[in-house]
Chemist: 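Would you mind keeping the following structure in view while I ask a few things?
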Amino acid sequence: MPSAARQAPLPLAFGGDYHPEQWPREVWEDDIRLMREAGVTAVSLNVFTWARLEPRPGEYDWDWLDTVIGLLHTAGIAVNLGTPTVVPPAWFYRAHPEALPVTREGVRLAFGSRGAICHSNPDYRTAATTITTALAERYGDHPAVVLWHVHNEYGAPVLACYCDICAAAFRVWLSDRHGTVDALNDAWGTAFWGQQYGDWEEITPPRTTPSVGNPAQQLDYRRFADAQARAAFVAERDILHRLSPGVPVTTNFMVAPSQGHTVDYWAWAKEVDLVTNDHYLMTDGRRTHVNLALAADLTRSVAGGAPWLLLEHATSGVNWQPYNPAKRPGEMARNSLGHVARGSEGAMFFQWRQSRSGAEKFHSSMLPHSGTDNRIWREVTDLGRRLAGLADLRSTRTRGDVAVVWSWESWGAQSLEWRPSKDLDARERLDAFYETLYDRHLTVDFLPPTGLAGLDPARYPLLVVPQLYAAPLSIAADLERYVTAGGILLVSFFSGIVDENDTLHPGAHPGALRDVLGLTIEEFDPLLPGETVRVRGADGTLYEADLWSETVVPAGCETVATFADGRTAGGAALTRHALGSGAAWYLATRLTGADLAAVVDLALADAGIAPSGLPRDVELVVREGESGTFRFAVNHTGSEVKVPLPDGSWATVGAGAVEVFHTPRRTGPPPS
Amino acid sequence: MPSAARQAPLPLAFGGDYHPEQWPREVWEDDIRLMREAGVTAVSLNVFTWARLEPRPGEYDWDWLDTVIGLLHTAGIAVNLGTPTVVPPAWFYRAHPEALPVTREGVRLAFGSRGAICHSNPDYRTAATTITTALAERYGDHPAVVLWHVHNEYGAPVLACYCDICAAAFRVWLSDRHGTVDALNDAWGTAFWGQQYGDWEEITPPRTTPSVGNPAQQLDYRRFADAQARAAFVAERDILHRLSPGVPVTTNFMVAPSQGHTVDYWAWAKEVDLVTNDHYLMTDGRRTHVNLALAADLTRSVAGGAPWLLLEHATSGVNWQPYNPAKRPGEMARNSLGHVARGSEGAMFFQWRQSRSGAEKFHSSMLPHSGTDNRIWREVTDLGRRLAGLADLRSTRTRGDVAVVWSWESWGAQSLEWRPSKDLDARERLDAFYETLYDRHLTVDFLPPTGLAGLDPARYPLLVVPQLYAAPLSIAADLERYVTAGGILLVSFFSGIVDENDTLHPGAHPGALRDVLGLTIEEFDPLLPGETVRVRGADGTLYEADLWSETVVPAGCETVATFADGRTAGGAALTRHALGSGAAWYLATRLTGADLAAVVDLALADAGIAPSGLPRDVELVVREGESGTFRFAVNHTGSEVKVPLPDGSWATVGAGAVEVFHTPRRTGPPPS
Amino acid sequence: MPSAARQAPLPLAFGGDYHPEQWPREVWEDDIRLMREAGVTAVSLNVFTWARLEPRPGEYDWDWLDTVIGLLHTAGIAVNLGTPTVVPPAWFYRAHPEALPVTREGVRLAFGSRGAICHSNPDYRTAATTITTALAERYGDHPAVVLWHVHNEYGAPVLACYCDICAAAFRVWLSDRHGTVDALNDAWGTAFWGQQYGDWEEITPPRTTPSVGNPAQQLDYRRFADAQARAAFVAERDILHRLSPGVPVTTNFMVAPSQGHTVDYWAWAKEVDLVTNDHYLMTDGRRTHVNLALAADLTRSVAGGAPWLLLEHATSGVNWQPYNPAKRPGEMARNSLGHVARGSEGAMFFQWRQSRSGAEKFHSSMLPHSGTDNRIWREVTDLGRRLAGLADLRSTRTRGDVAVVWSWESWGAQSLEWRPSKDLDARERLDAFYETLYDRHLTVDFLPPTGLAGLDPARYPLLVVPQLYAAPLSIAADLERYVTAGGILLVSFFSGIVDENDTLHPGAHPGALRDVLGLTIEEFDPLLPGETVRVRGADGTLYEADLWSETVVPAGCETVATFADGRTAGGAALTRHALGSGAAWYLATRLTGADLAAVVDLALADAGIAPSGLPRDVELVVREGESGTFRFAVNHTGSEVKVPLPDGSWATVGAGAVEVFHTPRRTGPPPS
C-alpha cells in the first residue's frame, strides 16, 4: 500500500450516506441536482446493497450502481464506495443459518435488522470476500471512487458471537496467544475456583454461567471477537488494495466512548488507510459539545495525529436514543466545524435523503421529508459554502496541548463484575478530566498505555491518567522516565491495579504505579451511594468527594490534601511525588466539577500551563501545516465573545458562531 | 346466523364464572342455593375443564357437567357455556409438545399455567374443534345454554408464537396479503438496511435481532398472530353455529387499553354474535371510574352501539396487580351499574366462589372465603336485587355525544422502537382526552380510522383524534368532508404520520392530515424528561406542556396559541383551520389536566356543545329504546348531589349512590 | 455415626479457607509461618481442587496435598478437609455436558464459574462419590483432619436445574410424595385452570410459562431441588462416615435470610454432624450488627442450640456486593466475637491469603495483598490472641430469652407471584421483629413451625410469629396449648393462610390461627406504595402503618388498637385474645421502628419480661456450661458503656470493644 494513500483523499469532504436503492430512478436526478445546490463533494454509497447487487447467489445486478456512480461522477461528486458486507442477503442466511450470531445465553439472532454476523463463520467469510472482489474488479479503477468504505461500524450492534464455530476458532486463537494449556491456566488464574483446563478442547466461550465467569476468559474472548472482526476487515481490505491500488480503504469507527464499548480502536487504526469516524450527540444531559470535542480529539489521536474524516454525523435529531431533540439553529455548523477544527478533512452526514421506511426514518438528514423549504436545508447549503472556502486547510494538523491516557482494553476490564464498587466507571472519569481540560481551553491528545515510552515533557508538559485499571507493569518505567525528565503526571484512583489478564500486580496496590507515585494503598474503601466525604486542601478549603476512598500510605510522596471525614479521615487524598525534574500527583477519591478543576489546576500550574483567559464554552483550536495556521474559534455561548489573534489583536465571534482565522505561512521577510 | 342472535340474550345477566370442577359434589347444592339467594340469573361455565371432560384422549366424562347444567337449569339459572380450548390437557402437550408457544427469544413455554397455545399448530386446531364439536353435539340444544363462551381472553397471556410452524403459516399469510415478494419488499421497505427477500421461504417471524427489526415485518406479524387466533375462534364459532343454531357465540374481550395491548377488537367484534368484555380496575393511580367509563364506551363502540355484556369484573380486589386493594363500600355497585349505563346488559363477575388453590385464590369473588356474613356478600345480594328491577332497560342503547378515533393497529405501530421519543404513548393521550370529555359529562363513541366515511356533524359535532400515528391516506378525504360539512375536528400531535406499513406518507408531516389541518410540520423536536415549555394562549394565558414540541408551518390555518419558550419558541402550538362550515384544530404539544381542558373547551365551544353544569365525578348517562329512557346518575363523590331530570326538576343522588330514572315511552298525548 | 462426633471438634477454631493451589510451592512455607504468627488453629482446605487432584479422569495427583496437609500438621494447624465436588473439572463437563444445569428458560449454563451442577445427573453423582471416596481413603485417618467440609454452600449460586433428567427425577420424587396422580392433582389444585394430570409422565418442572405457573408445582419443585442437593450431600457424608470414622462431617450453610433464599436449613441441619455457617455483612443500609446477631441466633437454632462454627466471614470488605466498603477498626473483632457469643466455637474467614486472579481478588482476607504491615493483619493477629484466651468456653451454650417462628418453606411460598401485595416480605417482618427484640437486649431462639408442640411458656414466655404465610393446621393446637399454659403469642398479619401446598385453609382467614387469635379476617386490603394509615392505641397515641390493612372481625379477642383512618378505619388493628393463663396478640398491619416496638413492648409486659436498662447497640449475651458462665458484652457504640455483672457490680466496656466476663462454675460452698 503506497504511503500516499494514508493521507486524506477528499479535500473537505461534504455530503452523506446516499441510498439511491431506497428510491425510484426518477428521484436520482433530483438528488444530483440538489447535491450540487448544496455543494456536496462526496457521498458514501453502497453500504447496505448486497441483496440489491446480488439478488440471487452469484447473479449480479450492476446496472443501477453503474448508473448512480456515473451520475455522481458526471456531477463531480466523489464516491466513498461501500462493501455491503454488513448485511448479507436473506438468501444467504437461508442457506447458512449458522452464520447468524448467538448470544451469550444461546439465542441465535434472526435476520431482519442489520449486522447479524458471526465473523468466525467460514461461509460468511467466503461470501463477503467474493462480493468484495466482484465490486473491486468492477469499480477498482473508476475515477469517481476515491475511498473504500468496508462494512459498517464493526462491533455494532453486536461484536461477540458465542456459537460453536466461534468456540472452535477461540481455541485456535488461544493456542496462538498462550502457546500451551498450562500457560493459559496461569494467565487465566484457573486455580481459583478450580477451573484448570487439561486440553484446548475443554475450553468454551464465556457463555452464561451460574455465578461470575472467569474474568481473564472474558477479556480474552473480547479480544478474540475483536480480532475476528478485524480479520474480516483485513481480508476485504487486502482484496481492495490488490484490485484497486492507490485508493485508500477505511471503515467507519465509532470512537466516542459515550456511544458505547465496541472495539479497540488503537488496534483498528493501524489497519485502515484513513481513520474515519461516526459521531452522534448523546442527549444524556451532559454538555454535548464537550463530548464532541473529546470524540474528535480521540479520533485524531487514534489516527496518530494525522487528518481524519468525520464520515457520519446528524444534521439534527437522531431516532435511536430514548429522546431525540432537534439541533438548535447553528448547532449543526458548530458541530461540523468543531470536528474540522480538531482534524477532520470535512463533514459528512448520515444521510443524504431521509428514508420513508425502516428503522431510521425519523433520523434527520441533509434533505428532510419536508424538502428544501426548511431550516435544515438552508443550514446544509450554508455549511456547504462554508466548507468550500476552507479547502486550504487540508492536510494541516491539529496540535494537542496536553496528553491523556485512554485504553479500551482497560475500560473493558474495569467494567467486568465484582469490582470493589459497581459504580466504578473509567469513562465517567475520562469525561470528567477531559471536561476540566476543555474548560481550560486545552486541546487534548490521547495516548494508549503502550504508547508512553519516550514521552517528551516538552511536547506534553502534563499527562493525565483518569482511570487505568489494567496497565502493564512496563508503564512504570515509561512514566518514571517521563516524570524524571520533567513531566507532570496526574493519576486518578483505581489505576495500575491489574495486568492484561485481570491479574493483580504483586504486592500492594497500585502495583504498576507504586514507585512513580511514591505510595502504596493499604485498603480500598468504596463509598455507598449517597455517601460523601470531604477533602481538605492545603489551604483548608473543603471539597466534596464521593464513590471512593482508600487508605493511602505515603512512601516518598507528600500529602497535599487529606480526607477530612469518613472512614479514611486523616489519610492522604491528594499526593505529590517529586521525582527528578517532574512530579507525579495522585488523587485517591472522586471529585467532580469545580472541585476536580481545583486539583487539575494544581497540576497545570506545576506543569507551567497558564490559564487562557477565554470565556467558558468558547473553543479555540489550531490547525497548522503547509498552508499556514487556521485558528478555529467556536462560540457555543449565546453572546458575542472576543478571542485573541496571533498578532495580539482581538477578534469578535458572534453568538453561536464559528470563525476561522487563517494566517498563511509567511514566505518573505516579516513586515517592518 | 340469524340476526336475532346478535341481540343480548340475557336480560340483565347477573352472576359469575362458576367452577364446580374445583369443588366436591356436595358444595354444588350449596352453590345453587346461594346463587338463588343472590339473584344470580346466569353463570359462565366450563371455561377451564378440558382435562376434566376428556381425561384421556377421546374418552369423555360428561356426567358431572350434565349434572351441573341440570341443577342450574332447574334453578332457572342460564348458562354461558365455555369451550375449554384455552387450556388443553396435559396429555395433549405430552403428545404434541410443539403446540406450546415459542417466545421471540426462542424459549418454548411450558404447561402449568394457561393459554400456552400456538394457534398455528394443526394438532391444536384439530383437538380444539373436536372437543368443541363434542360439546355442541351434547349441549347445543340444551334449554339452559343461552350463550357460547369460546376460549378465554384471546391474546392473553400470549398472542404471538415464533415457532417454525408459525413461520410457515406466516409465509402463507404474507403471500395472501402481498401477492408477490416484490410487493412485500415494497410494503416492508426492505431496501432500507438491505433486507430484500427473493423468495417467500427466506422470510421468518421477527425473532430477536441484533438491532431493531424491520417495523413493517413486526406489524405484519402482529396482524398475522391476531388473524391466527381469530381463525381459531371462527373455526369454533362455525361449529357452534351449525350444531347449536340460534344460540349466540361470544368470546370475552379485554377492550380496555389500560389492560394491555392484545388484539384488534374492531376486527374481532365483527366475528362475535354478542360483544362481551372483561374489565378490571387498574390501581395505577389514575381515576379508576374514568377508566371504567372509557372501557365501557369503547366496548359499546366496538359492538357498533349495540348492547353488550360485561362478562367479568371483580366484586373487590384482584390478585394479579402489584398491589390489590379492596373496593370501598358501594364501589362495586357503582362499577357494575356504570357498565350497565353505558350499554351492558348485566354485570357478571370473575368468579362465583373464591378458589382455594391455584394462582387466583386471592382474587375476590361473589362468595368469599369467609362465606356470607360479610360486606361483599351483602353488596352482591343488593346488586342482584337492583339489577332484577332494571330488566326493562334491556335492548335500550346508550347514545354518545361526541366521537373519538381509536385504533389498536396505530397504537401498536406507535409503540415500536426508535420513535422520536420513547415516551410517545397513544394510550396516554387517549386517556387524557377521554378524561377531559368525561369531566364535561359527555358520553363518548369511539370510531376506527376506517369508519370515518360519511361521518355526520349533526350526529357528532366534535371529533377528537388523540394520537393516530398510523393512518391511511384515505382519512384525509373523510375528515375534509366531515369538517367541510360543519364538523369540529381536534387532532393532537404525532397523528397521520405513516401508513399501515409504518411507511411515512410522502412529503412533510403530517402526511395524511396536512390539508385538513392546513399546515405542515417542518421538524419534530421532542422534549427531554423533566423539560417543559410554555404555551401562550390568545388571551395571554400560559399553559405548561411537556414531551413534545415541533415546528409548525401554517398553510391556511390560523395560529391560536404559540410556544412561549423552548426551542420552538414563537411557533404555533395550537392552530385552527376554518374549512367549509367547520374547523380543524391541531395541538402540537402535550398538555394535561386543566391545560388540556382549556383547549378541548375551545373546540367544544366551536362545536356548540355547552357545559353541563354537573359536579365533577358525577356521571349522567342515558339509555334509550322501546321501553323508554333510562337516565343513570352515578355519584362517585362523597356528598349528595342534584342532577337534572328531563321534566326540568332536579333529583337527589346520595353520596356514592347510583340512581336510575326511568321515563317510559309516552304512547298517548302529552299531559297538558 | 457416634454421637460424640456431633460436638464441635475444634476448640475455638481460628483461620480461614486456604488455597495453596493458587500459589507456588515457595509461598507455602511463608503461609505456615504467618499462620503461626497469627495464631491460626485451623484451615479449610481443598474446596476447589478437583481439577488439581484429578487432572485427567482417574489420574490422581496427591503429592501437593500430602505436602500441604503435612506442613499444616507439623505446625499444629488442624484441617477442615473439603470434598471438592462443587467444581468438577473441565474434562468432566466435556465428557458430560448434560451435567451442566439448565435454567427455567432453558439456558444450559456454562463452565467457567462455580457450582454449575445438576444434582440429578447420574454422571455427576458417580464422579462426586468417586473423588470423595478417594479422598476419604487417603486422608480418612490423617491426624490433621478434624472435620470434613463437603462441597460448598449448597444452593448457591443455583439450586434448581430444569433439565430433562431433573424432570424424570422429579416425577419419581412426586410419586414418592403423593402416591397417586389423583393425590397430586388434589394437592396441587390442578382443577384450577384445568391443569389435571392423568399420568406421571405428563408432569414437567415448572419451566417458564405464559402466565403464572401452578404455585404448588413450584413449591414441590423447590422441595425436590433441595432434596436432590441434600441427597448428594448425604451420599458424600455416608462415604466419609464409613471411611473416616469419628471425624465429623459438615457443609457450610448460609443461614442468614439476608443472604438470599437457598435451602431449608431446618432439614439440612439434621444431616450434618456440626452446623457450620458462612456469614457476610450486607451493605444494604440496615444495621449490620443486628443482622449478624440474627444470623448467629438462627444458626444456633438450626443446630438445636448446640455449639456451631462460623466457617466463613470477612476480615473487611467483600467484592460481590454492589458496593463493598471496608470494615472500620475493631469491627472485625466485634463481628467475630459476636458470633462466638451466640454459640460459634471459633471464627474462620474466607480466606487466608488474598487471591491475585479470578472473581474474588478484591475480597478481603486475613493476609492482604499489601502483606503484614497493615491494619487488617494487626487486627487478625490480635483476634488470634484473643480467641486463644477463650478456649474454656467451648461446649458452653448460648441461652435464648424469647422465641421466634421462622420457616424457609413459608418464606418461599409467600414469595411466589400474585399475592395480595407484591411487597409482602416475610424476611422484612423477621428483621423488623428481631431488631425490636435485639434492641430490648433479648437473645432469640428460632423455632420451625413444626417445632411448637409442647412449647413451654416457662422456657419461652414470649413467642413471636412475624409472618408465617404457610402453616400446617396442626400449629393451631400447638399454639393453643402454649397460650393456654400461660404463653404470650404475638402474631403479625398474613400468617396462617395456606398449607404446605399453597392451598388456603378452609373458611375465613387466617385459617390456621382463627381460634387461637379469636378473630376472623373478612377481607385483605393492601395499601398502595406511599399510602399510609394511622393506628390509634388504647391511650390515643397514633402510630403510622403502611403496606397492609384488613378487616378484622373479633370473635373472642379484645380490640387494643384500631385503624384511625384509611379504608378500614374503625376496625381492629391490634387485638389480644385471653386464653387460659396466656394471651394471643395479633397485629393486622405493618408498623416499623418505634411504632412496632410499642406493640412488642405490650406483649413483653404481658409476658413479664422487664426492660434491661442497657444502652442501645450494646449486646449482652451469655454462654453457659461446664466451664461456667461467659458474659459477652459487645459495645457497638462510640462511647464507653457500663454493663451489669452477676455480682451486682457494673463493668466498663470501652468504645467499640468486646469484653468477656467469665464466672467459673462454683464447686464449693458460696462465700458467706
Chemist: Could you look at B:Glu417 and say if it's the side chain, the backbone, both or neither that has a heavy atom under 4.5 Å from chain A?
Modeler: neither
Chemist: So what's closer than 4.5 Å to chain A heavy atoms on B:Arg419: side chain, backbone, both or neither?
Modeler: both
Chemist: Counting only non-hydrogen atoms closer than 4.5 Å, can you tell me which residues of residues 510-519 of chain B sit against chain A?
Modeler: none
Chemist: Go through the atoms of B:His505 and report whether side chain, backbone, both or neither lie under 4.5 Å from a heavy atom of chain A.
Modeler: backbone
Chemist: So which part of A:Asn152 gets closer than 4.5 Å to some heavy atom of chain B, the side chain, the backbone, both or neither?
Modeler: neither
Chemist: Is the ring centre of A:Tyr124 less than 6.0 Å from the ring centre of A:His119?
Modeler: yes
Chemist: Can you tell which part of B:Asn214 gets under 4.5 Å to a heavy atom of chain A, answering side chain, backbone, both or neither?
Modeler: both
Chemist: Write out, in numerical order, the residues from residues 106-115 of chain A with a heavy atom short of 4.5 Å from a heavy atom in chain B.
Modeler: A:Val107, A:Leu109, A:Ala110, A:Phe111, A:Gly112, A:Ser113, A:Arg114, A:Gly115
Chemist: Residues of residues 161-174 of chain B under 4.5 Å from chain A (heavy atom pairs)?
Modeler: none
Chemist: Answer with side chain, backbone, both or neither: which region of A:Pro322 has an atom nearer than 4.5 Å to a non-hydrogen atom of chain B?
Modeler: both
Chemist: Is chain A contacted by the side chain of B:Ser211, its backbone, both, or neither, given a heavy-atom distance below 4.5 Å?
Modeler: both
Chemist: Listed by residue number, which members of residues 326-334 of chain A have a heavy atom under 4.5 Å from any heavy atom of chain B?
Modeler: A:Ala326, A:Arg328
Chemist: Check each atom of B:Glu523 against the heavy atoms of chain A and say whether the ones under 4.5 Å are side chain, backbone, both or neither.
Modeler: side chain
Chemist: Let me know if A:Glu105 has heavy atoms under 4.5 Å from chain B in its side chain, its backbone, both or neither.
Modeler: neither
